[in-house]
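Notes follow once the structure below has been shown.
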Protein chains: 4
Amino acid sequence: MSYLRSPERQRQILSCARKVFAERGFHGANVSHICAEAGIGRGTLYLYFENKRAVLVAILEDLVSRVKALMARRHIPRIPREAAKALTRDQIVAFSEGRLAELLGVVFSDQQTLRIVLREAVGLDVDIDKILATMDATLISIVERDLIAARDELGLVRDGIDLHHVATMVVGGVEKLALAALRGDIASDLPALIRSVVQFHLYGTMKPQAEGGVA
Amino acid sequence: MSYLRSPERQRQILSCARKVFAERGFHGANVSHICAEAGIGRGTLYLYFENKRAVLVAILEDLVSRVKALMARRHIPRIPREAAKALTRDQIVAFSEGRLAELLGVVFSDQQTLRIVLREAVGLDVDIDKILATMDATLISIVERDLIAARDELGLVRDGIDLHHVATMVVGGVEKLALAALRGDIASDLPALIRSVVQFHLYGTMKPQAEGGVA
Amino acid sequence: MSYLRSPERQRQILSCARKVFAERGFHGANVSHICAEAGIGRGTLYLYFENKRAVLVAILEDLVSRVKALMARRHIPRIPREAAKALTRDQIVAFSEGRLAELLGVVFSDQQTLRIVLREAVGLDVDIDKILATMDATLISIVERDLIAARDELGLVRDGIDLHHVATMVVGGVEKLALAALRGDIASDLPALIRSVVQFHLYGTMKPQAEGGVA
Amino acid sequence: MSYLRSPERQRQILSCARKVFAERGFHGANVSHICAEAGIGRGTLYLYFENKRAVLVAILEDLVSRVKALMARRHIPRIPREAAKALTRDQIVAFSEGRLAELLGVVFSDQQTLRIVLREAVGLDVDIDKILATMDATLISIVERDLIAARDELGLVRDGIDLHHVATMVVGGVEKLALAALRGDIASDLPALIRSVVQFHLYGTMKPQAEGGVA
DNA sequence: GATGAATGAGTTTTCATTCAT
DNA sequence: AATGAATGAAAACTCATTCAT
């Protein structure tokens, strides 16, 4: 028995639960597993959370709030259009990479949360789905906002693109890469991954010459 | 009650299970639900499947085999490099759209299977994960093969791109769009979605002029 | 494992539960106790009853329906008022004793049910309370109906009596006697008890001379 | 927080527990409920009572001791037999009503205790049952002693009556009336109820003429 | 082959009680 | 003396699976 103040104990349980859920999945994890991990009695968990599901919800909402905080914090740098025109390709790439790294840093700050969001929390129940949808929507809107700014203020974006679709695909693509990395299907070389993402979403796959050579 | 020979009955159970799993999720669905849907007794299911999990596995493996069949069937059209150079932008787009539509047609032939793959089968257990990973890998390798062919045989692909990463992102992006459509966050207008995907992955987001204007 | 048809199994569980509840009380009795007594698995009980509480409710409602059946069955014998006047004291006593014995026969047909009604089902929850109240009300109204008939049709009842109060007291008195008998505080000599009840409720305690001698 | 010496604090807890038990029943009431009501910490209760059950026992024993005190206090007024013969019917009734009111005053001094005795403490465990049995026995013996006195010293009681049975029925009848009043089935008009009880137990239900007219 | 009654392992959850502070 | 955080025993209940019919 160790006496901890409420908020610390709550955080401790949360972090142990994160670990356990990531390792065993939501259904594979017992309340007992979590409590053993946290070194507390089984009843203690119920002093801090209504039930097992509420622990997961807390983990997810914690992440959502971090993502929303990011969105609130981040503002589009105001560059005059003239200056925008003078941006080099490398400057644009570098800026995009920075933005993306920032985003990924918050979302996938730890592998455990990543695993939980992408795998353990999926398909559990309607309310949890709503939280995941909120997170998706927030992530997507962050990317979309950047794209809209790049289009409207910097004039950098190709015409006739549905930016919401694109933002959705960017987030989905990033998550799939992350999942593949989690599975060990591809190397977890974050900078390389980020470079791939940025290159891909800026330029697409088609050779400029090919494009250029087209009537 | 009704006399169906083994294979038909098996298929019938499978299709009822698909419906039930899609509607209620793997954990939310009882064996009873499936059997009621199929109009058979609870024990009968066990004549055809070892257990509940095996039913889901069968659904997934059925999909995997359809995807693999697609991969085996599909071969890259051999176009002489010279001809490739003469391809118009619209021809490339049209061809890509066709390929993608074909792919999506197999994978997401029905909303039920889609839902199961993207939501209900996620995070269940290690073996099911392996199946999902196999499907991901197969899908990705289909896209990747197309990309490799476009690069190596047609010379259409930009240099310095990690095509495995790109293929992964394309699949991930498509799935995220599908998920958003399932959730009702975006319109389920398949042709429009396919167009977005193809435009995005061919050209990326950056304006050609912007790119062109860079030193 | 023994295969019983639904209704028999249900009745068997009910009768075992009656025994177990009577012996150990509602809270003292486990579902396991009941199942062990019935020689069935723990889950089997839940095929027949929604939960432990529902088993008790079924026991009580079974009794209520027997009591209500008695009330429906029983009709007041129509005796012309003239004939009523000619009834001897012993005839009235004998008739009352018969009626009471009939009532007790249904209600307290077995000690187990009696114990459950008087002790184990008391104070459990609002709905069970309602059932007990219904039973009380039915018993009381049976007695009251007899009293009203004796008053209105036979003219046998003293003036200025609140017959509902009296009926309530009769039922309460009988139950207290039964409880005392259950506890072993008084002899379980049913005929003697019935005689006491009838004498008491017909004549009261006061000596007729005493009454007669009053101005 | 508030400084109360042991005995007052004990009494305070007891009175809060009485309220809580009456409102929620023994099983429905948490130790927390009681402590919250008393404005003390959860551990504090255990400084004054061994456990939850002990609190209920204390409430009941307090009542038992009040009832026993009544019994000890109450003595039969010595009236010469001659004087007894001269008692009017109204005098006897008035006296009986007084005695009964006195009894009820102690037992059911408050609705809370009444509810606990009649509903919440019933069927809990063997020891509590013994206390309730003691209370029943004491109440019954008080009534019985009055009846014996009325018979042996005043000669007011009809022959051939088992006074223990009668006393038991009187107590049972009174309790059933009280229960019905608690339930709202009958009006809680104490004087009217007392009158009904006294009339009934003195005179019974049968019309004197009817009785008189019998051979 | 088909059935569905029976099973019981496995989990969540509650709450009286303890004891470090 | 007072507290309330921590405990864990105890119990209800679900549901995939078995197997007598």
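None of the values given here were measured: they were computed from a predicted structure. Each chain gets a letter, A, B and so on, in the order its sequence line appears, and its residues count up from 1.
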Rounding to a whole Å, what distance do you find between [X]:[atom1] and [N]:[atom2]?
X	N	atom1	atom2	answer
D:I34	E:dT17	CD1	P	10 Å
C:H33	F:dA10	NE2	C1'	11 Å
B:Q10	E:dA2	CD	P	12 Å
C:R9	E:dT7	CZ	C1'	11 Å
D:L45	E:dC19	CG	P	17 Å
B:L56	F:dA16	CG	C1'	15 Å

Geometric class of the C:H27/D:H27 ring pair [parallel <30°, tilted 30-60°, perpendicular >60°]: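 Answer is parallel, since the angle falls under 30°.
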Quick one, give me the B/S/- string for nucleotides 11-16 of chain E, reading 5' to 3', where B means a protein heavy atom under 4.0 Å from the base and S means that only happens at the primed atoms, P, OP1 or OP2. SSBB-S
Are any of the side-chain heavy atoms of D:L45 and D:K52 separated by less than 4.5 Å?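 Contact flag for D:L45/D:K52 side chains = no.
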Given side chains that start at C-beta, do those of D:F21 and D:V55 come closer than 4.5 Å, heavy atoms only?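 The answer is yes, as the side chains (C-beta and beyond) meet within the 4.5 Å cut-off.
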Please determine if a side-chain N or O atom of D:Y48 lies less than 4.0 Å away from the OP1 or OP2 oxygen of F:dA1.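 Checking F:dA1 against D:Y48, no side-chain N or O comes under 4.0 Å of OP1 or OP2.
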Run B:R115 and B:Q112 through side-chain hydrogen bond (donor to acceptor under 3.5 Å, both in side chains) and show every step you take. CA-CA 5 Å; B:R115 180 158 221 114; B:Q112 284 163 9; over 6 Å; no
Tell me the partner of E:dT13, counting only Watson-Crick (N1-N3 plus N6-O4 or O6-N4) or G-U wobble (N1-O2 and O6-N3) with both under 3.5 Å; none if nothing fits.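 When the pairing criteria are applied, F:dA10 turns out to be the nucleotide that pairs with E:dT13.
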Pairing nucleotide - F:dT21, Watson-Crick or G-U, each distance under 3.5 Å: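 Answer to the pairing question: E:dA2, which forms a Watson-Crick or G-U pair with F:dT21.
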Among C:I131, C:L132, C:V117, whose side-chain contact (heavy atoms from CB on, under 4.5 Å) with C:L63 holds?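 So the option named by the test is C:V117.
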Applying side chain to side chain contact (heavy atoms under 4.5 Å, CB included), run through A:K19 and A:C16 and close with a yes or a no. CA-CA 5 Å; A:K19 185 174 170 207; A:C16 292; 5.6 Å; no
